[in-house]
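Labels below follow one simple rule: chain letters A, B, ... track the order of the sequence lines, proteins then strands, and each chain is numbered from 1.
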Number of protein chains: 2
Amino acid sequence: MQEHEKVFQDYLATKGLKLTRTRALILNTVFDMHEHFDVEALYDKIKTLTDSISRATVYRCIPLLKDANLIQQSMRTSSRDSFEHIFGHPRHIHWICSKCGTIVETDYEELTPILNRSAKRIKFAMGELKLNIYGLCWKCQSSENENQ
Amino acid sequence: MQEHEKVFQDYLATKGLKLTRTRALILNTVFDMHEHFDVEALYDKIKTLTDSISRATVYRCIPLLKDANLIQQSMRTSSRDSFEHIFGHPRHIHWICSKCGTIVETDYEELTPILNRSAKRIKFAMGELKLNIYGLCWKCQSSENENQ
DNA sequence: TCTTCTATTGAGAATGAGTCTCATTGTATT
DNA sequence: AATACAATGAGACTCATTCTCAATAGAAGA
Ligand SMILES: [Mn+2]
Ligand SMILES: [Mn+2]
Ligand SMILES: [Zn+2]
Ligand SMILES: [Zn+2]
């Protein structure tokens, strides 16, 4: 049994729920996707593995994975919520190119102490943290110049 | 003519569009709202000022105001996009209480040099920047303890 | 002033991501 | 096996947002 399966099972147990075959399939597919994904893409991928899966079941599993700290909702791409697995990965900043959609990730390291200080000042108990920066990646900057 | 009207008019002119009476009404209502708002709330407020306004027109105006840098989409509250006017206000960090919905705002000042350095390192041309931190406000932290 | 042309608008239909219902199935317990 | 209840699939449903289209406004010209 893989580490993330154990984590999910433990979380589900605290809610009186079980790690069923279907939930395990969804979980493992999530950890096989190494990009950000939306629920539709996840559903499509699972459909290639089994023919009996309902979109509703996939949607129902998402909040469970989220509460178990196995995935996070990271951004919103063309009207769909976009997720990624975070178990075993540190959370990170997303630099999103508004032109080509490329996403670059950097870590929070330098920001953390500053944010902790701010949190303390305003007496805020930090939970989820989401920093998305939109702009142009280096490729799209150069192609902008070409077009001039 | 107010400053933000001038800005909007100038922006619209670059697109071959005009600052119509309806657009001016929407713009001014936006600048009369001093909280974060969703389109439905904006529409409701405008309806108290005139009876002939279409939801579609309000929705159509939003991307114009956004591209003119007069408003920004800040967060998403119960399935609706939430906006705020930013002309004349610096962009800021949002600390969002997951329990009561209270939003505290702090500035980016200390973060800016760090982010600029990161942007330079990855050759990214920063545009819009969105930092939302979810957690518990001080009030909800104490009420959590009460309930134990 | 009267026409012409185009952008703008209102009303409501359409879209689509996400949620909900309910009949059926799986599984643990007695 | 019988009971009890969680879990699932199928598809209906919701509701924020977008789209369509006919009617209107308003600028520019005759
Ligand atoms: Mn990521
Ligand atoms: Mn704000
Ligand atoms: Zn790019
Ligand atoms: Zn609170």
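Within residues 46-58 of chain A, the residues having any heavy atom under 4.0 Å from DNA chain D are, by residue number, S52(A), I53(A), S54(A), A56(A), T57(A). Contacts between residues 16-36 of chain A and DNA chain D, defined by a heavy-atom separation under 4.0 Å, are made by L17(A), K18(A), T20(A), T22(A), R23(A).
When heavy atoms are screened at a 4.0 angstrom cut-off, D81(B) is found touching the sugar-phosphate backbone but no base atom.
Smallest separation of non-hydrogen atoms from L129(A) and Y108(A): CD2-CZ, 2.8 Å.
Side-chain atoms of V39(B) and D81(B), non-hydrogen and from C-beta on, never get closer than 4.5 Å to each other. The shortest side-chain heavy-atom distance between R117(B) and E110(A) falls under the 4.5 Å cut-off.
Looking at K130(B), its side chain does come within 3.5 Å of a backbone N or O of Q73(B) through a donor-acceptor pair.
Using modelled atom types and a 3.5 Å distance limit, the side chains of E84(A) and H92(A) yield a donor-acceptor pair.
Applying the 4.5 Å side-chain rule to ILVMFWY residues, one finds M75(A), I96(A), Y134(A) in the same cluster as I103(A).
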Under the ring-ring contact (aromatic ring centres under 6.0 Å, His included) criterion, do H4(B) and H85(B) qualify, and how do the steps go? CA-CA 10 Å; H4(B) 53 256; H85(B) 61 255; 8.1 Å; no
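Atom pair I62(B):CD1 and dT18(D):P shows a separation of 10 Å (rounding to whole Å applied). One atom, OH of Y59(A), and another, C1' of dG9(D), lie 15 Å apart when rounded to the nearest Å. The interatomic distance linking Y43(B) (OH) with dT18(D) (C1') rounds to 15 Å, in whole Å. With rounding to whole Å, F83(B) atom CZ is found 13 Å from dA16(D) atom P.
A 4.0 Å heavy-atom criterion places the boundary nucleotides of DNA chain C facing chain B at dT8(C) to dG12(C), written 5' to 3'.
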Donor-acceptor pairs under 3.5 Å, side chain of residues 56-67 of chain A to any protein atom, not counting sequence neighbours: which ones?
none

Would you mind writing out the side-chain donor-acceptor pairs for residues 13-27 of chain B within the sub-3.5 Å range, not counting sequence neighbours?
unit_1: T14(B); atom_1: OG1; unit_2: Y11(B); atom_2: O; d: 2.5
unit_1: T20(B); atom_1: OG1; unit_2: R23(B); atom_2: N; d: 3.1
unit_1: R23(B); atom_1: NH1; unit_2: K18(B); atom_2: O; d: 2.7

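More than 12 non-hydrogen atoms from other residues, nucleotides or ligands lie less than 6.0 angstrom from CD of E40(A).
Using a 4.0 Å cut-off between charged side-chain N and carboxylate O, K47(A) and D51(A) make no salt bridge.
Evaluation of atom-type donor-acceptor distances gives a pair under 3.5 Å for the side chain of R60(B) against the base of dT20(D).
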